[in-house]
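Atom set for the values below is all heavy atoms of this structure, side chains included, hydrogens, waters and symmetry mates excluded.
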Amino acid sequence: MTTTPRLRTHLHASAILRQAGQDGRSAMLLRKGDPDAGSILVILVERNGSAVVLSQTRTPEGEAAWLRASGATPLEPPELSSYIERQTRFDPDLWVLELDAPDFRPPFEATLL
């Protein structure tokens, strides 16, 4: 099993924001974590305010991928705030990105598991 090299977090976060914003969608950095080794949460927000959260993971082959960490049901704004608060307490190095994503499809290259 080989794994793809891990890009420094601040570069990866910048690339996601840039790629997501290319088609005019809103893409915001909500929280900056450790620039080298922090994990990234991506919040995909629908027009009605509901959201899903993607977290970084790896495929069984070791390739970079994303997991729908918030579950099958979209979160409403108060639930989302609580979710992010819990995650940042658990991982103070966490980066949080918010992207406009009608239909909850990531506006960046992503393998979803």
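The CD atom of Q19 lies 11.0 Å from the CZ atom of R25; values are rounded to the nearest 0.5 Å. For the atom pair W95 CH2 and D34 CG, the distance stands at 8.5 Å (nearest 0.5 Å). Between atom CG of residue D100 and atom CE of residue M28 there is a gap of 8.5 Å, rounded to the nearest 0.5 Å. The structure places CG of L11 at 9.0 Å from CZ of R18, a figure rounded to the nearest 0.5 Å. Atom OG1 of residue T111 and atom CD of residue E61 lie 10.5 Å apart, to the nearest 0.5 angstrom.
L41 has its side chain out of reach of L54: every pair of non-hydrogen atoms, C-beta onward, lies at least 4.5 Å apart. Using a 4.5 Å cut-off on side-chain heavy atoms (C-beta onward), P106 and V42 make no contact. Within the 4.5 Å cutoff, the side chain of L17 has heavy atoms near those of the L99 side chain.
Seen from the ring of F104, R68 counts as a face-on cation partner, given the 6.0 Å and 45° thresholds.
Contact detail for S70 and L75: the closest heavy-atom pair is CB-CD1, 3.6 Å. Heavy-atom minimum distance, E76 versus S50: OE2-CB, 3.7 Å. Contact detail for R31 and D93: the closest heavy-atom pair is NH1-C, 4.3 Å. For the pair T59 and A65, the tightest heavy-atom approach, listed with the atom from each and the gap, is CG2-CB, 3.8 Å. Minimum interatomic distance between I40 and A13 (heavy atoms only, all atoms of both residues): CD1-N, 3.9 Å.
Relative ring orientation between W66 and H12 is described as tilted, the plane-to-plane angle lying within the 30° to 60° band.
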